[in-house]
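These notes are about the structure you will find just below.
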Amino acid sequence: MVGEGWGLVYRRVLEEAARLLREAGVEAPRVEAPRNFRYGEASFSVFELARRLGRNPAELARDIAGRIRVGGLISGVEAVGGYINFRVDWRRYASLIVSTILSESERYGSADLGVGKHVLIEHTSVNPNKPLHVGHARNVCLGDTLNRLLTFLGYRVTVLNYIDDSGAQMADVVLGFTELGYSMEPPEGVRFDEYCGDTVYVKVSAMVDEDPGLAEKRRRIAKAIESGEAPYYQINKKVVDRVLGDQLRTCWRIGARYDILNMESDILRLDLWSEVFERLRERGAVYLAEEGAKKGCWLLDLSGHPRLSKEGDEVLVKSDGATTYVARDIAYAAWKLGGVRRDFTYRLWGRNPDGTEILVTDRDGDLRRPIGEVDLSINVIDVRQTRPQEIVRYALKLLGLPHERYIHYGYEVVALSVSDAVKLGYRPRGGEQMVHMSGRRGLYVKADTLLDMLREKAAEETRERHPDWSQEKVESVAEKIAVGALRYALVKPDPDKLIVLDTGEIMRLEGNTGPYLQYSYARACRILEKAETSPSWEVDGDVGEAEKNLLRMLASFPDAVEEAGRNLSPKTLANYAYKLASEFNNFYERVPVLHAPEGVREFRLGVVESFRIVLGNAMRILGIPVLEEM
RNA sequence: GGGCCCGUAGCUCAGCCUGGAUAGAGCAUCGGCCUUCUAAGCCGGGGGUCCCGGGUUCGAAUCCCGGCGGGCCCGCCA
């Protein structure tokens, strides 16, 4: 559990109320925050107890409340219906909240939940033949937010990005470059990943679909790439390197960072599979089909699985001896959990914007980086991979590995609104509510395109508000607003819910959006900047309702972070941040700070500074850039 | 046919894990607030069979079962 002294001011109120109840004879009382704070700061429901005792709830509540002697932070107790409600001494409570936040500052809300634990997070994992679209951006934002969240909670996090540098989708573009006359140089001003994905991949895919001869050529090229045959292998390598470099520029723009790039070709070359396969055979988890449609294949026995068994056993080794995708994924997953003896060698690929190293697997590399014991391995992959991921997890169980640590973090895809799809050349059939993105068909909105649109919109607004700002300042602020808007929009919805992207709708910069958080932060900064005295936690006079509402939110931040961490739920934190900012804006409208009388002013500055700290901490976890003015 | 997910205000969603006191936001709409710290803001009005039907419970949007509607997945592809 969370340790002592980490800003658990709020929980102290609940604990004190619980102690008072125990002293009044209630065993193990469950004290909670009331839904509505007009009932006080802590509340105990007696219904269950009343039933056990066969007593009238309202009467029992009055009885217990009558036996309670208040003290400490608790200043009042009251029975209302079947509830016992506790009020706090607001002057002490408010002072405690502000002093805690001011002293813990950027660590406020953190906890030792993850100290000594190691987590792998794999995200992004986009085929290196195209630029990132908005669906990929959802993956990046979720993965990177989990990284930031778990890091804040004390976990050691290693971020992986799996690069499928072989396979048919690579063969498509290599075919374009080698046989169909596409130049390796994009037109002036076009990024290589965009050229590769928007032009070469889409056009070649269409041609291959029409021409069986080309399909055959592509198959040969795919084989050539895998076996290292010139010139296909070299050309492919070059394409992968350049596209990957461009893709990571987009990821960095969004605010993500990586530790290790795992190349599919290196996973194959290291042959993790043979080691895992042997172990599966020893354990009787696989068998060779002697007859039927899958004769000659090695199958994973799924008969022991309650759901997967209904769909038949899974092919791991094809009759021609080649492994399937699921087989390779099982081997890779086993590596993540430390279940294989072999390990990769790496070389330095480059550095993240924060200066940390990014390693890439390389059979000729001289770096070793054993992953060691991991407590959790999180794979951010869209929901269409649910079944294969379940199979991988089950295979880990059959291998005797701690499969419960292997988490498929599934999320729904981002689809296009019909009107956006039409703009991209889609012909509507009529009646559909949305259109799925497709790289092959060129039906997608690039992450960078959307960010550029958002930046343009934000720049327009910013110029209007600040005619005196330089072009550079406007651009820099607009870019941060764009990133904030995108990250918030992709992380706030429940991962189980499909996002229908509408470029008209997502351009909104007001209401429940990322820029709302940024704006609230900037407002607080302006007050603090103009203040001529220092913030204080000494309360002078009464604490008003608007202040109480804000202070409550500030006090509950550690709980919000803990809940988000426990449930791997970034959206919990996004919702918290919105409510917090909302309470601040309400406070801002009705509580004067700089114009408040001396003494009162200093405490209110303390509240504003606390807000700035807490919202800043929340925004950093969400990867939403903070702005001191906008 | 089987499996997974979703269904809450006109639209987009939060709340569901861990049942509790009048079901909350944003957008849209109508009305109000800039001579006081940034109006990308704030306040107020209207708007709800929480998909339907059972069950559990003192109490169900929340838990269980069964329907209905929508999305996805079920290849010797990756």
Side-chain angles (χ1 to χ4, degrees), chain A residues 30 32 34-36 38-39 43 45 47-48 50-51 57 80-83 85 127 164 166-170 222 264 289 293-299 306-308 310-312 315-326 328-329 382-388 390 410 412-413 415 433-434 436 458 461-462 464-466 481 492-500 502 505 508-513 515-516 518-520 522-531 563 566-567 569 571-572 574-575 578-579 581-582 584-596 604-605 608 629-630:
Chain A
R30 223 178 84 193
E32 290 175 318
R35 171 186 290 254
N36 186 323
R38 71 177 176 180
Y39 297 114
S43 170
S45 164
F47 290 98
E48 203 186 320
R51 193 168 59 85
V80 180
Y83 294 88
N85 298 324
N127 289 336
D164 191 352
S166 40
Q169 75 287 347
M170 292 313 301
E264 164 75 9
K294 293 179 179 170
K295 185 176 174 197
C297 297
W298 281 90
L299 303 179
R307 284 190 306 275
L308 296 172
K310 296 184 179 182
E311 290 172 16
V315 175
L316 297 184
V317 182
K318 303 186 241 178
S319 54
D320 67 0
T323 53
T324 62
Y325 165 77
V326 170
R328 299 203 285 266
D329 223 24
D382 80 53
V383 73
R384 292 171 299 190
Q385 298 291 325
T386 303
R387 189 188 121 87
E390 264 179 26
E412 264 290 357
V413 298
Q433 302 295 305
M434 47 87 178
H436 283 291
E461 295 274 328
T462 307
E464 214 168 280
R465 277 157 227 266
H466 305 281
I481 292 172
K492 190 187 63 137
D494 192 296
D496 284 336
K497 278 172 179 158
L498 185 88
I499 295 178
V500 179
D502 187 286
E505 172 66 17
R508 236 184 54 236
L509 303 177
E510 89 262 331
N512 192 347
T513 64
Y516 179 86
Q518 293 171 314
Y519 182 69
S520 310
R523 276 181 139 185
C525 287
R526 297 294 281 175
I527 295 178
L528 295 164
E529 183 192 299
K530 290 183 177 173
E563 189 189 335
R566 191 165 30 84
N567 296 334
S569 175
K571 72 163 180 168
T572 300
N575 288 323
Y578 176 72
K579 276 189 227 149
S582 181
F584 173 74
N585 283 314
N586 184 277
F587 165 89
Y588 184 95
E589 294 291 332
R590 55 192 70 205
V591 183
V593 178
L594 298 178
H595 301 281
R604 287 184 183 163
L605 282 169
V608 174
E629 22 177 8
M630 70 180 272

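Lettering follows sequence order; numbering is per chain, from 1.
Residues satisfying the salt bridge (Lys or Arg N to Asp or Glu O under 4.0 Å) test with A:Lys492, not counting sequence neighbours, are none. Qualifying salt bridge (Lys or Arg N to Asp or Glu O under 4.0 Å) partners for A:Arg387, counting only residues two or more places apart in sequence or in other chains: A:Glu311, A:Glu314. Considering only residues two or more places apart in sequence or on other chains, A:Asp382 meets the side chain to side chain donor-acceptor pair (under 3.5 Å) condition with A:Arg384.
A close approach under 4.0 Å does not occur between any side-chain nitrogen or oxygen of A:Lys310 and OP1 or OP2 of B:G1. Of the side-chain N and O atoms in A:Lys318, one or more sit less than 4.0 angstrom from OP1 or OP2 of B:A78. Distances shorter than 4.0 Å separate some side-chain N or O of A:Lys294 from OP1 or OP2 on B:C76. For A:Asn575 and B:A25, the shortest distance from a side-chain N or O to OP1 or OP2 is not below 4.0 Å.
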Just the table, please: protein N/O against nucleotides 6-9 of chain B N/O, every pair under 3.5 Å.
from: B:G7; atom 1: OP1; to: A:Lys497; atom 2: NZ; distance (Å): 3.1

Enumerate all atom pairs, one protein N or O and one N or O from nucleotides 26-31 of chain B, separated by less than 3.5 Å.
from: B:G26; atom 1: O2'; to: A:Arg508; atom 2: NH2; distance (Å): 3.0

Would you list the protein and nucleotides 63-73 of chain B atom pairs, both N or O, that sit under 3.5 Å from each other?
from: B:C72; atom 1: OP1; to: A:His436; atom 2: NE2; distance (Å): 3.2

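Comparing B:C43 with B:A61, their C1' atoms are spaced 29 Å from each other, to the whole Å.
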| task | Go through the steps for A:Tyr516 and A:Asn585 under the test side chain to side chain donor-acceptor pair (under 3.5 Å), then give the verdict. | result | CA-CA 10 Å; A:Tyr516 179 86; A:Asn585 283 314; 3.0 Å; yes
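Two residues, A:Arg38 and A:Cys297, neighbour RNA chain B, and the one matched to the more 5' nucleotide by heavy-atom proximity is A:Arg38.
Taking every side-chain heavy atom of A:Arg51 into account, B:C58 is the closest of B:C58, B:A78, B:C37.
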